Structures are given as C-alpha cells and as structure tokens.
Amino acid sequence: MRVKHVVWDWNGTLLDDTHAVLHAVNQVCGRYGRAALTLEEWRAVFSRPLIACYEGVLGRALSEQDWADIDLVYHVEYRALLDTCGLAVGVPDLLRTWSGTQSLLSMWFHDELVPLVERMGLTGLFTRIDGLRVDVGGGSKAEHLAEHLEHQGLDPRDVVVIGDVVDDAEAARHVGAQAVLVTTGVGERRRLAATGMPVVDSIPEALALIA
C-alpha cells in the first residue's frame with residue numbers, strides 16, 4: 001500500500017463516541033414514536049445521506065424542516081455526552097510514531113471540532129484540520145475530502161483515509177485515494193467489507209497495515 005499521508009476521520013475513529021451517538025439517535029427515535037435501536041440495529045441501517053437513513057428508520061418521509069429538527073435534537077443530545085467520550089485505543093501515542101504526514105477531516109462542525117481536538121492535545125499531529133462548515137449536516141464526505149486534499153496539494157494516490165463508515169471508503173474512491181476501515185464506530189463489518197477496502201478492528205491494526 002503506497003501511503004505518504006493519512007486522512008483521519010474523527011467520530012467513531014479517533015474519538016470513541018459510539019455510546020453518545022446511539023443515545024442521540026434514540027432520542028430522535030423517541031420524538032417520533034419509534035422504539036429504541038440497539039447499536040447492532042443502527043450499524044445495520046446507517047448510511048449517508050442521513051436524511052434517507054432516518055426516513056427508513058422512522059418509516060416516513062421527512063421534510064427539510066423535519067430534518068432540521070432532527071439534526072438539532074441529535075446534536076443537543078450528543079453534545080450532552082461529549083465529555084464522556086475519550087480517545088480510541090492507540091491515540092495519540094501510535095499516531096506520533098507514523099512516519100508520514102497526517103490530517104483530520106470530520107463531518108462534525110468545524111468550530112466545535114478544532115477546540116475539541118486542541119483540548120485533547122492532538123492539534124500538533126495534523127497538517128490540517130477540517131470539519132463541517134454548514135449549519136445542518138448529514139451529507140457525503142466525498143467533496144469535502146477533495147477540497148481537503150486540494151488545500152494541502154496532496155496527490156490522492158499517496159493518501160489513505162482511515163474511517164469507520166462506508167462513506168469514508170466511497171469518499172476515498174471518489175478522489176482516487178485508498179482507505180482502511182475500522183469497526184470501532186457505527187459501520188457494520190459486513191457492509192464495510194463489501195466496499196472492497198481493508199477492514200480492521202482498531203487504530204493499532206490500521207497503522208500496522210499501512211506501515
């Protein structure tokens with residue numbers, strides 16, 4: 001695997017936040033009269049764009065206003081548990097041993113991501129940190145990844161994206177990069193494997209694979 005630069009995902013990859021994600025999802029479900037989901041059930045249905053995913057889970061079409069309301073509820077509930085979320089196994093120590101360069105691209109809001117990464121002592125590891133710069137999320141990472149690499153003048157053939165969902169693999173394929181997928185977040189192993197990208201169970205395994 002030809003790798004000079006790693007683009008890390010944040011939620012579910014470097015940040016161990018799956019319990020907060022599931023709690024927030026189930027608060028949305030409760031608002032719409034839907035029974036709570038287990039982590040396995042959420043992993044089985046998770047996809048982007050998220051509005052279509054929620055339409056399947058809630059069994060109804062969602063208007064733009066519905067989606068804005070869902071997005072608000074989810075993030076309020078998620079933020080309430082954010083202080084209980086720690087870093088994944090191997091972070092940051094193993095990231096410091098990586099011989100190439102690395103950056104961070106997240107679908108979490110940029111103005112909240114940057115101070116959080118700094119508070120956790122990771123800022124100096126990354127050549128660039130990019131989060132979502134819109135008010136309502138839920139879309140694909142593909143175009144964000146293209147811009148992220150362009151800003152750094154990176155050749156996608158030298159890049160591996162490490163993330164926890166199918167969208168990370170699709171974004172990598174979109175730009176011509178490689179991907180390694182970890183099972184630590186909301187991605188179901190079977191669906192991750194179906195992308196054709198390597199699937200591992202931890203950050204240490206991911207770094208060992210590309211070393």
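Worth saying up front: this structure is predicted, and the values here are computed from it rather than measured.
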Name each donor-acceptor pair under 3.5 Å that joins a side chain in residues 80-87 to protein atoms two or more places apart or in another chain, with its distance.
from	atom 1	to	atom 2	distance (Å)
Thr84	OG1	His19	NE2	2.8
Thr84	OG1	Leu81	O	2.6

Run through Val165, Val200, Asp168 and flag the one making a side chain to side chain contact (heavy atoms under 4.5 Å, CB included) with Leu181.
Asp168

Under the rule for side-chain hydrogen bond (donor to acceptor under 3.5 Å, both in side chains), what residues qualify as partners of His110, not counting sequence neighbours?
Arg133

With distance as the sole test, does Asn26 use its side chain to make a donor-acceptor pair with the main-chain N or O of Leu37 at under 3.5 Å?
yes

Enter the distance from Leu104:CG to Ile129:CD1 here, rounded to the nearest 0.5 Å.
5.5 Å

Using the ring pair (Phe, Tyr, Trp, His ring centres under 6.0 Å) criterion, which residues pair with Phe46? Sequence neighbours excluded.
Trp42

Could you work out, with side-chain hydrogen bond (donor to acceptor under 3.5 Å, both in side chains) as the rule, every residue matching Thr183, not counting sequence neighbours?
Asp201

Measure across Val182 and Gly12 and return the closest heavy-atom pair with its distance rounded to 0.1 Å.
CG2-O, 4.4 Å

Hey, is Arg31 close enough to Asp69 for a salt bridge, meaning N to O under 4.0 Å?
no

Using only atom types and a distance under 3.5 Å, with no angle test, would you say the side chain of Glu55 pairs donor to acceptor with the backbone of Leu62?
yes

Counting distance only, does the side-chain N/O of Asp164 pair as donor-acceptor with the main-chain N or O of Thr13 below 3.5 Å?
no

Closest heavy-atom pair and its distance - Asp66, Ala61
OD2-O, 4.1 Å

Give a yes-or-no answer on whether the side chains of Gln152 and His148 include a donor-acceptor pair shorter than 3.5 Å.
yes

Which residues share a side-chain hydrogen bond (donor to acceptor under 3.5 Å, both in side chains) with Tyr74, sequence neighbours left out
none

NZ/NE/NH1/NH2 to OD/OE distance under 4.0 Å, Arg48 and Glu170:
no

With sequence neighbours excluded, what pairs up with Arg190 under the side-chain hydrogen bond (donor to acceptor under 3.5 Å, both in side chains) test?
Glu188

Would you say Ser103's side chain and Val7's backbone share a donor-acceptor pair under 3.5 angstrom?
no

